[in-house]
Amino acid sequence: MKLLEGKVASAAIKENLKNKIAALQSANKKVPHLAAILVGNDPASETYVNSKVKNCHEIGMLSTLVRYESTITEAELLNKIDELNEDENIDGILVQVPLPPHISEKKVTLRIRPEKDVDGFHPVNVGNMVLDYPSFISATPYGILLMLQHYGIETSGKNVVVIGRSHTVGTPISILLSRNNATGNATVTLCHSRTKDLPSVCRQADIIIAAIGKPKFVTADMVKENAVVIDVGINRVKDASKKSGFALKGDVDFENVAPKCSYISPVPGGVGLMTIAALLMNTFKAATLKVEG
Ligand SMILES: Nc1nc(=O)c2c([nH]1)NC[C@@H]1CN(c3ccc(C(=O)N[C@@H](CCC(=O)O)C(=O)O)cc3)C=[N+]21
């Protein structure tokens with residue numbers, strides 16, 4: 001069993017970006033600049049956004065963190081997005097979700113200009129992604145592709161079972177893995193709560209992608225010998241031994257599943273870190289595409 005280490009794979013991507021940014025700098029060109037908006041003080045969101053900002057800094061990318069109290073009005077937030085859309089110094093914009101209930105995530109998503117939508121959440125980007133036109137692929141599915149690529153895991157002709165049909169993970173990764181290109185050509189089965197006999201469907205899988213949001217959902221009896229297991233879950237489970245009182249757990253019963261796998265991604269230290277690398281890739285692309293017109 002080999003671990004798919006997000007730390008190792010994301011470090012390689014970040015090193016490459018760092019060199020490219022250094023080259024821009026020495027050519028006196030503009031350095032990519034990400035604007036991240038965080039509303040409220042949800043501890044998980046704070047961790048993720050701080051990590052995004054820190055990672056920008058590590059590779060020489062500029063970032064601006066815009067913070068608001070959870071009482072900010074929807075109109076104020078939309079105004080800020082308009083301002084960042086117009087700001088020529090800003091290449092990428094992301095608004096961390098979830099947002100407070102009085103703010104429409106849909107309105108916010110639609111307001112960000114598709115050219116600056118480095119999260120790839122705008123319907124224009126989602127549509128372009130589906131049609132295989134140039135687009136921003138959202139961070140989690142893109143991160144999974146980068147992880148598979150880094151470890152040289154072949155997808156062509158493989159049976160992939162994706163568990164979970166969310167807009168942000170299950171649906172886009174199913175589309176991306178089934179398309180006709182170097183990171184696709186898989187036979188994809190997208191499973192969900194109405195799937196009949198999920199364990200036997202999973203046992204057919206060469207690659208399982210677990211994105212359900214339930215700890216220990218994928219158990220050893222569901223996994224074929226030598227399968228590749230990608231765990232996208234990020235569940236905060238009560239754990240009195242941790243300083244925070246919580247432990248981060250994936251969707252896979254790691255202890256019992258790992259011995260059967262050829263490769264498995266851990267949580268933490270797996271796909272989560274790849275999502276950040278993917279965001280940096282998208283922000284770099286947003287900046288350089290603009291330069292090229
Ligand atoms: N507009 C928007 N874009 C997002 O991309 C977005 C979002 N909102 N909302 C929430 C989800 C979740 N997400 C993660 C990012 C990093 C880790 C990550 O770095 N995880 C570390 C551990 C972090 C920890 O210790 O809590 C790991 O798995 O090793 C996880 C999850 C981005 N998301």
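Order of listing sets the numbers, starting from 1, for every ligand and every atom in it.
R236 NH2, 3.1 Å is the protein heavy atom nearest to atom 26 (O) of ligand 1. Atom 25 (O) of ligand 1 has L248 CD2, 4.0 Å as its closest protein atom, hydrogens excluded (heavy atom only). Scanning the protein for heavy atoms near atom 15 (C) of ligand 1, the closest one is T275 OG1, 3.4 Å. Ranking the protein heavy atoms by distance from atom 32 (C) of ligand 1 puts K52 NZ, 4.1 Å first. In terms of protein heavy-atom proximity, atom 31 (C) of ligand 1 is nearest to Y48 CE2, 3.5 Å. Nearest protein neighbour of atom 2 (C) of ligand 1, counting heavy atoms only, is D119 OD2, 3.4 Å. What sits closest to atom 29 (O) of ligand 1 on the protein, heavy atoms only, is G269 N, 2.6 Å. The closest protein non-hydrogen atom to atom 21 (C) of ligand 1 is L273 CD2, 4.0 Å.
More than 12 heavy atoms of other residues, nucleotides or ligands sit less than 6.0 Å from atom NE2 of H102.
In this structure, D251 contributes its side chain and G213 its backbone to a donor-acceptor pair below 3.5 Å. At distances below 3.5 Å, not a single donor-acceptor pair connects side-chain atoms of S138 with backbone N or O atoms of T140. Judged by distance alone, the side chain of E105 and the main-chain N or O of L99 form a donor-acceptor pair under 3.5 Å. Between the Q204 side chain and the V201 main chain, no donor and acceptor come within less than 3.5 Å of each other.
With V271, V97, V267 as candidates, the residue nearest to atom 9 (N) of ligand 1 on a non-hydrogen basis is V97.
For K2 and Y151, the positive end is not near the middle of the six-membered ring at less than 6.0 Å and at most 45° from its axis.
Considering both main-chain and side-chain atoms, L94 never comes within under 3.5 Å of ligand 1 through any nitrogen or oxygen pair. The N/O atoms of Q96, backbone and side chain alike, include one that comes under 3.5 Å of an N/O atom in ligand 1.
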